[in-house]
Amino acid sequence: MQELFIGAGDSPASTTQWAMAEIINNPNILRRLREEIDFVAGKKRLVQETDLPKLPYLQAVIDETLRMHPVGAVFPREFQQECTIGGFYIAKGTTLVFNSYAVMRDPDCWEDPHKFKPQEEERREQAMKLFPFGGGRIRCPGSNVAYIIVGTAIGVMVQCFDWKIKRGYEVNMEETSGLQFFLALAHPLECIPLSRTLNPLPTNPQITDL
Ligand code: HEM
């Protein structure tokens, strides 16, 4: 139960903040995302959960966010039996902490690992090395829900608003670990939404059908 509250609460919110910070710092990505969303959802209704499978670039932006900013970056494993990994002997009962942050920014695995490059060819080929949700039998059970929450939140924010940050020209991407094992922005993302349309979009898409 404790894992559910911790996992379900802050992780999607923090991932959404990281994604918006990257999007605000990369106006070309914002433009391309918006073109995709406008093409699929139009301008008369809000983007919604059922649109997500038709938004591959939004999906790529979320994956790239999770690669560079995995909020649960380290997770422990206790070995049930002895084995050898990469030439190292591991005794039964050893606890090994797996660092997904280090692997997902490893220059031996990724080209330009510290650059936010959604949908680049090499990124797609390396999807197997993407594990922001952990792995194996105790992999995060909320990953599908997380994609829906984060995807819908970013989709609507990109669709409806332009974004201006309060201080400076770029969001400060410095990292902190507020909670143990939890990767968050060191400085809160403070930005101002500027409405994109003169006519506010209805919250219920069916209203437009009346
Ligand atoms: C972007 C959002 C999220 C991220 C990055 C994330 C990441 C993770 C990671 C890395 C783990 C450890 C997995 C492992 O040890 O292999 C985990 C565990 C867990 N997550 Fe998530 N999570 C997210 C959202 C959610 C949501 C929305 C829920 C619930 C609806 C959830 C529920 C859980 C639970 C219950 C566990 C513990 C699983 C276990 O110990 O068996 N997570 N999550």
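First listed ligand is number 1; within each ligand, the first listed atom is number 1.
Each of the atoms 1 (C) of ligand 1 lies under 4.0 Å from some heavy atom of Thr15. Close contacts of ligand 1 with Arg77, meaning ligand atoms under 4.0 Å from a residue heavy atom, involve 14 (C), 15 (O), 16 (O). Contact atoms of ligand 1 toward Gly72: 10 (C) (distance under 4.0 Å to a heavy atom of the residue). Close approach of ligand 1 to Pro132 is summarised as follows: ligand atoms under 4.0 Å from at least one heavy atom of the residue are 5 (C), 7 (C), 10 (C). Residue contact check: Pro12 has heavy atoms under 4.0 Å from atoms 2 (C), 27 (C) of ligand 1. Here is the list of ligand 1 atoms found below 4.0 Å of a heavy atom in Ala146: 1 (C), 2 (C), 24 (C).
Formation of a donor-acceptor pair under 3.5 Å by the Gln159 side chain with backbone atoms of Val47 is found in this model. Here the side chain of Asn25 pairs no donor or acceptor atom with the backbone of Glu170 at under 3.5 angstrom. No side-chain donor-acceptor contact under 3.5 Å links Trp18 to the backbone of Met173.
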Considering only distance and modelled atom types, tabulate donor-acceptor pairs under 3.5 Å from the side chains of residues 50-57, sequence neighbours left out.
from, atom 1, to, atom 2, distance (Å)
Asp51, OD1, Arg45, NH2, 3.0
Asp51, OD2, Arg45, NH1, 2.9
Asp51, OD2, Gln48, N, 2.9

Table please: side-chain donor-acceptor pairs of residues 62-80 below 3.5 Å, with sequence neighbours left out.
from, atom 1, to, atom 2, distance (Å)
Asp63, OD1, Tyr147, OH, 2.6
Glu64, OE1, Arg67, NE, 2.9
Glu64, OE1, Arg123, NE, 3.2
Glu64, OE2, Arg67, NH2, 3.1
Glu64, OE2, Lys117, N, 2.7
Glu64, OE2, Arg123, NE, 2.8
Glu64, OE2, Arg123, NH2, 3.4
Thr65, OG1, Val61, O, 2.7
Arg67, NH1, Met104, O, 2.7
Arg67, NH1, Pro113, O, 2.9
Arg67, NH2, Pro113, O, 3.0
Arg67, NH2, Lys115, O, 3.1
His69, NE2, Glu22, OE2, 2.8
Arg77, NH2, Gly135, O, 2.8

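Between Asp162 and Arg34, some side-chain heavy-atom pair lies under the 4.5 Å cut-off. Using a 4.5 Å cut-off on side-chain heavy atoms (C-beta onward), Ile154 and Thr16 make contact. Residues Leu46 and Cys160 meet the side-chain proximity criterion, which asks for heavy atoms closer than 4.5 Å.
If you look at Phe75 next to ligand 1, the close heavy atoms, those under 4.0 Å, all belong to the side chain. With a 4.0 Å cut-off on non-hydrogen atoms, Ile138 touches ligand 1 through its backbone as well as its side chain.
Here atom 28 (C) of ligand 1 lies nearest to Gly142 when heavy atoms of Pro141, Ser143, Gly142 are compared. Of the options Gly136, Ser14, Pro70, Ser11, the smallest heavy-atom separation from atom 23 (C) of ligand 1 is shown by Ser11.
Residue Val71 places a heavy atom less than 4.0 Å from ligand 1.
Polar contact check, Gly135 against ligand 1: a nitrogen or oxygen pair lies under 3.5 Å apart.
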